[in-house]
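To keep things clear, I will list the structure first and then write my remarks on it.
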Amino acid sequence: MSSDSDTFPAVVELNVGGQFYSTALSTLVKVPESLLGQMFTASSKTPLLRDTRGRYFIDRDGMLFRYILDYLRNMRLVLPDDFQEKERLREEAEYYNLAGLVKSIAESHHKGVANSIDAHDGFSRNGYITVGYRGTFAFGRDGLADVQFRKLNRILVSGRVGLCREVFKDTLNESRDPDRGMSDRYTSRYFLKHTFLEQSFDLLQRAGYRMASCCASGVSNVAGSGEIESEEMRWNHYNEFVFVRE
């Protein structure tokens, strides 16, 4: 009876959903009862597809497969601090029949917020988040006094990175923050992808925050500037709201 090494090369080239990987055959078969362990054995009855370059093709999420391989290499779960796709990774782990990885994902999920920061950095899940915005009111034509709608340019978010990511998730825009990673640092460069102030309040409330303080300021036109002040300029204002979770 032929061995695995007679059927498959010692180094296996994979194409997983368009992402290319090279790994040892021994890594793929480390968990014999897993789908990969059964696929890459001499006695496998699972038909294996190949792409045009001869790589073994697996029609699954190629980006998440890196974490599947990492688990098989180290037999433990290691994820980035800001990893946001645990549910999708759990589905992949179930597909590959990796019971140990499924259990590790569930345990990390039960750690709650602490895992989204850094389970080893000693930082508390409690803290402050400040939400601010600059806005005005949209007026009718010719400066009519019937105020139509509140008009916000952008909702700003400041606080500890891990807490901000936990609360606002995919509504948080981090593109203006020059320092990426490290969830235990602080930033004042985040803003939201929407301009619905109450939506941000709802997210904070659901995460267990309460408003601790707020402040507001208005903008007055500079006398003698020679510029005609529009009605919207008269109503320019900046507000900040401080939320705390204790």
Side-chain angles (χ1 to χ4, degrees), residues 80-86 112-118 121-246:
D81 293 344
D82 58 347
F83 189 75
Q84 301 290 328
E85 299 187 283
K86 285 185 182 178
V113 179
N115 191 70
S116 71
I117 304 174
D118 184 348
D121 62 10
F123 279 85
S124 169
R125 68 186 297 268
N126 298 331
Y128 291 84
I129 292 179
T130 300
V131 175
Y133 76 89
R134 184 170 68 88
T136 183
F137 292 99
F139 278 74
R141 298 180 61 181
D142 301 322
L144 297 178
D146 53 332
V147 177
Q148 295 178 335
F149 298 104
R150 181 178 60 196
K151 183 178 179 181
L152 302 187
N153 295 320
R154 182 172 290 176
I155 298 177
L156 308 175
V157 176
S158 304
R160 196 160 79 233
V161 167
L163 298 181
C164 295
R165 287 171 175 167
E166 176 228 336
V167 172
F168 297 108
K169 298 182 173 63
D170 58 355
T171 67
L172 191 66
N173 192 324
E174 302 185 29
S175 62
R176 299 297 179 88
D177 185 20
D179 301 317
R180 303 299 174 88
M182 293 305 296
S183 295
D184 59 336
R185 64 184 176 84
Y186 290 81
T187 183
S188 59
R189 302 297 298 274
Y190 286 166
F191 62 95
L192 300 184
K193 298 176 182 178
H194 61 80
T195 56
F196 303 110
L197 189 62
E198 287 74 19
Q199 181 178 345
S200 65
F201 290 174
D202 284 344
L203 292 174
L204 285 158
Q205 189 273 333
R206 291 170 190 165
Y209 286 80
R210 62 175 179 82
M211 187 182 296
S213 180
C214 63
C215 65
S217 63
V219 178
S220 61
N221 193 36
V222 179
S225 63
E227 298 181 0
I228 299 176
E229 185 179 22
S230 69
E231 286 297 326
E232 287 194 6
M233 288 177 61
R234 291 178 184 272
W235 288 88
N236 273 339
H237 58 281
Y238 180 76
N239 290 358
E240 278 193 344
F241 306 88
V242 180
F243 290 82
V244 62
R245 181 168 63 188
E246 300 173 316

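Computation of the quantities below employed the complete heavy-atom set of this structure, encompassing side-chain atoms and omitting hydrogens, waters and symmetry-equivalent molecules. All of these numbers come straight from a predicted model, not from anything done at the bench.
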So which atom in [X] and which in [Y] form the shortest heavy-atom distance, rounded to 0.1 Å?
| X | Y | result |
| --- | --- | --- |
| Cys164 | Val157 | SG-CG1, 3.7 Å |
| His237 | Tyr133 | NE2-OH, 3.3 Å |
| His194 | Phe196 | ND1-N, 3.0 Å |
| Gly132 | Tyr238 | CA-OH, 3.8 Å |

Fill in: Step-by-step side-chain contact (heavy atoms from CB on, under 4.5 Å) determination, Leu172 to Leu192
CA-CA 5 Å; Leu172 191 66; Leu192 300 184; 4.0 Å; yes
Discussion item. Just to verify, what does Tyr128 make a side-chain hydrogen bond (donor to acceptor under 3.5 Å, both in side chains) with, not counting sequence neighbours?
Written reply: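 Here no residue qualifies.
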Between atom [atom1] of [X] and atom [atom2] of [Y], what is the distance when rounded to the nearest 0.5 Å?
| X | Y | atom1 | atom2 | value |
| --- | --- | --- | --- | --- |
| Arg134 | Leu152 | CZ | CG | 10.5 Å |
| Arg154 | Arg176 | CZ | CZ | 5.0 Å |
| Glu240 | Leu156 | CD | CG | 8.0 Å |
| Leu163 | Tyr186 | CG | OH | 7.5 Å |

What pairs of donor and acceptor atoms, side-chain ones from residues 199-212 against any protein atom, are under 3.5 angstrom apart with sequence neighbours left out?
from	atom 1	to	atom 2	distance (Å)
Ser200	OG	Leu197	O	2.5
Arg210	NH2	Glu246	OE1	3.2

Fill in: Geometric class of the Phe241/Phe243 ring pair [parallel <30°, tilted 30-60°, perpendicular >60°]
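It falls in the tilted class, 30° to 60°.
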Worksheet item: Are side-chain heavy atoms of Phe168 and Val131 found at a separation under 4.5 Å?
Response: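 In short, these two side chains touch, coming nearer than 4.5 Å.
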Worksheet entry | With Glu174, the salt bridge (Lys or Arg N to Asp or Glu O under 4.0 Å) member among Arg189, Lys193, Arg165, Lys169 |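 The single option meeting the salt bridge (Lys or Arg N to Asp or Glu O under 4.0 Å) with Glu174 is Arg165.
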